[in-house]
Amino acid sequence: MTDPHSNTAPEAAVLRGVPKQLFIDGKWLDAASGATLAVDDPATGEVLCEVADASPADGALALDAAVAAQPAWAATAPRVRSEILRRAYEIILERTEELARLMTLEMGKPLAEARGEVAYAAEFFRWFSEEAVRIDGGFTTTPDGGNRVLVMRQPVGPCLLITPWNFPLAMGTRKIGPAVAAGCTMVLKPAPQTPLSSLALAGILTEAGLPEGVLNVVTTSDAAGVIEPLLRGGRIRKLSFTGSTQVGRILLAQCADAVVRTSMELGGNAPFLVFEDADLDAAVDGAMVAKMRNMGEACTAANRMFVHRSVAGEFSARLAERMAALTVGPGTEPGSEVGPLIDAAGRGKVESLVRDAVERGATVLTGGRTPDGPGSFYPPTVLTGVPADAELTRTEIFGPVAAVIPFDDEDDVVRAANDTEWGLVGYVFTRDLDRALRVGERLETGMVGVNTGLVSNPAAPFGGVKQSGLGREGGRVGIEEFLEYKYLAIPAGGRRG
Ligand code: NAP
C-alpha cells in the first residue's frame, strides 16, 4: 500500500487506526474474492489506502445478517436503542480530531470544515436518541362506535442506506440515527471515494453497544452489481438514498419490482435571491456560506445567484473580494479554507461549465483558472452577467463558482428560480418580511433560507420537492421514514366477527 502520509504522524495514525474490511454481522471481513479498492487523496491524487471491495455475494451476506438481526432488534426496548445512539454521539465528539482528519484525507475538505461536519453528524445521533423514546401510536373509537382502533408504529424492516462522498460522516448518521432509533437493521453502502468515515462509524457504534447484524457496511467499486439484486430480491423493505437525481431515478425503478419504500435525497439547483432592499453584508455573508460550504460540493449550494440589477454590481464586487481572499490548499494544512474538489472528473465538470458561461458572455471577476500542480484544486470563482442559457443554470456546478444573474422584477425572478426540475432549497435576502414570506411560499423547494445561507439542522425536516427527492431526513418526521403504521381493529364491547 502506498502511503504518502507515512511521514506525517497524525495522518498516518488515523489511517492506520481505521478498519478497512467489510463489516458484516459484527465482524470485520475481507471481500470473499480478496479484492480491494483504492481510496485516493484528492489533495495529491495519490492512494491513501485500500479497503475491501465487495462483490454481490458479499452484499447478499450483509443482507442475510441484517435480516437475521431484525426481529430481535425490533423487540429491543426504545431506551436501549436510545442509549446506544447517545453513547455513539459522545464517542464521536471525543474523537472529533481523528474523525475530522480522516474525512479531510479521503474527501479533501479543510480540517475546520471537517470538524464542523463531525459535530453536525454527531447531532443526528443525539437528536434520534431523543426521538427513539417518543415513538407513539393512538387509540380511537370508530364513528359508529362499533370498533376500537389501536394504532401502533413498527420498524419498517431491513433497510439499505446509500450515501454520497460529499458529507462522508453526516450523510451516514442522518440515516443510521433514525433507522437505529426506529428499530430497523441495515446495510450501508458508502461512496467508494470516502468509505473510511463510514467504517470508522461502524467501529464507534460497536463500541457504543450496537448488537451484531444491526449495521452492516459494504464498500464496493461495483455499486450497481451489489445493490440491484438486493433491491429486487424482496428482503429489503426500505431504501434511503442520498446522491444524484440521475442515480436516484435508476434506483426508484429498481425498487418498483419488490415495492420497496424509499427516501430519496437527490440533487439541487438552488436559487439564491438578493432583492434591492437586502442587507448586502448579510447577503454576501450568506452567499459565502451557501456557495463555499464544502467547496461548493453540496446539494444545498447556491447554484444560481439572482441579484437585483440595482445592487448586482456592488454585491458581485464584494463577493469577489471575499472569494479572492480565501486560502486554497490541502485541507490538512493549517489555514486552508478551500480544499481540492473530489477528483479530476469533478474538477473537469466545473472547468467546462465556467468555459461555457464565459463563451456565452459571462465575465470572470475572480478565479476561473485551474492551477498547476497535483490535486484537483479549483479557485473560488465569481462570474457576473451570466446569461440564462448558460449550462451552469441547468446543472449542479458542484464547485466553488458563484454565478450572478441580474434580475429586475419579483415575479420574473420567482419564475426563473422555479424554472428547473429540481426543488431542494432556495435562499431569499430581503429586509421586507412580507416579501420574504411571499417569495418563500412561492419558491418550489422543500427548504428556504431567509437571510441565511445555511438551512441544514438535525432538528429540521431536510429534503426536497420535484426531482430533488422524496421524504425528509431530520426533524420530528425523520424517524417516520423508518416506521410503518399498523392498526388493530378491536370490536367494542367484546363483540366478535
Ligand atoms: P451519485 O453518483 O448519485 O452516488 C451516490 C451513491 O450512489 C454512491 O454511493 C454511489 O456509488 C451510489 N450509486 C451510483 N450508482 C449506483 C447504482 N446504479 N446502484 C446503486 N448505487 C449507486 O452521487 P455523488 O456524486 O456521490 O454525490 C453527489 C450528488 O449527491 C449530488 O447530486 C448532490 O446534490 C447529491 N446530494 C444530495 C443530498 C441531499 O440531501 N439531497 C445531500 C448530499 C448530496 P458509486 O460512486 O460507486 O457509483
Side-chain angles (χ1 to χ4, degrees), residues 37-40 42 51 53-54 56 59 106-107 109 117 120-121 124 160-175 187-195 197-198 217-232 236 239-255 260 262-270 293-303 341-343 345-346 349 395-399 420-425 445-447 455-458 460-474 478 481:
L37 72 94
V39 182
D40 293 341
V51 299
D53 189 358
E106 64 177 350
M107 189 275 167
K109 67 181 72 184
E117 182 177 339
Y120 174 55
F124 284 105
L160 182 58
L161 315 178
I162 302 180
T163 53
W165 48 263
N166 60 345
F167 292 98
L169 200 62
M171 295 303 96
T173 59
R174 202 165 77 167
K175 297 183 188 306
V187 175
L188 168 68
K189 192 211 82 65
Q193 297 94 330
T194 57
S197 296
S198 297
V217 183
V218 171
T219 50
T220 181
S221 62
D222 179 17
V226 169
I227 297 303
E228 185 168 0
L230 301 185
L231 287 177
R232 292 195 195 273
I236 288 281
L239 167 67
S240 178
F241 171 74
T242 298
S244 62
T245 297
Q246 195 187 0
V247 172
R249 288 189 195 106
I250 295 169
L251 296 178
L252 278 169
Q254 291 176 7
C255 284
V260 175
T262 61
S263 297
M264 309 300 280
E265 294 287 351
L266 307 178
N269 182 4
R293 180 174 178 230
N294 227 34
M295 291 87 74
E297 293 174 316
C299 53
T300 49
N303 211 57
L341 297 181
I342 188 67
D343 52 25
K349 177 183 168 192
T395 188
E396 288 185 290
I397 302 170
F398 246 56
T420 166
E421 71 263 33
W422 284 294
L424 188 62
V425 60
T445 58
M447 303 173 286
V455 294
S456 306
N457 190 300
F462 187 104
V465 300
K466 295 159 79 176
Q467 294 186 35
S468 284
L470 301 167
R472 293 293 180 270
E473 290 190 322
E481 303 276 329

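As the structure lists them, so they are numbered: ligands from 1, and atoms in each ligand from 1.
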Short list, please: which atoms of ligand 1 are under 4.0 Å from a heavy atom of [X]?
| X | value |
| --- | --- |
| I227 | 20 (C) |
| L251 | 19 (N), 20 (C) |
| V247 | 3 (O), 13 (N), 14 (C), 15 (N), 16 (C), 22 (C) |
| N166 | 43 (C), 44 (C) |
| G267 | 32 (O), 34 (O) |
| A191 | 9 (O) |
| F462 | 39 (C), 40 (O) |

message: With the threshold set strictly below 4.0 angstrom, can you tell me whether any protein non-hydrogen atom sits that near atom 4 (O) of ligand 1?
response: no

Counting C-beta onward and ignoring hydrogens, is there a side-chain heavy-atom pair between [X] and [Y] closer than 4.5 Å?
| X | Y | answer |
| --- | --- | --- |
| S240 | R174 | no |
| E297 | P164 | no |
| L37 | V51 | yes |

Does [X] approach ligand 1 within less than 4.0 angstrom via side chain, backbone, both or neither, non-hydrogen atoms only?
| X | answer |
| --- | --- |
| T245 | neither |
| A224 | both |
| R174 | side chain |
| I162 | side chain |
| L266 | backbone |
| F167 | neither |

Polar-atom distance check: [X] versus ligand 1, any N or O pair below 3.5 Å?
| X | answer |
| --- | --- |
| E396 | yes |
| S221 | no |
| T163 | yes |
| W165 | yes |

Non-hydrogen atom of P192 closer than 4.0 Å to ligand 1: yes

Side-chain ion pair, K175 and E473, N-O less than 4.0 Å: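 Yes, this pair counts.
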
Which residue supplies the protein heavy atom nearest to [atom], what is that atom called, and how far is it?
| atom | result |
| --- | --- |
| atom 48 (O) of ligand 1 | A223 CB, 3.9 Å |
| atom 35 (C) of ligand 1 | G243 O, 3.2 Å |
| atom 33 (C) of ligand 1 | F398 CZ, 3.4 Å |

query: Can you tell me how far the CG atom of L266 sits from the CD atom of Q246, to the nearest 0.5 Å?
result: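 If I round to the nearest 0.5 Å, the distance is 11.0 Å.
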
query: Of R293, K109, M171, which is the lone residue that meets side chain to side chain contact (heavy atoms under 4.5 Å, CB included) with E117?
result: K109

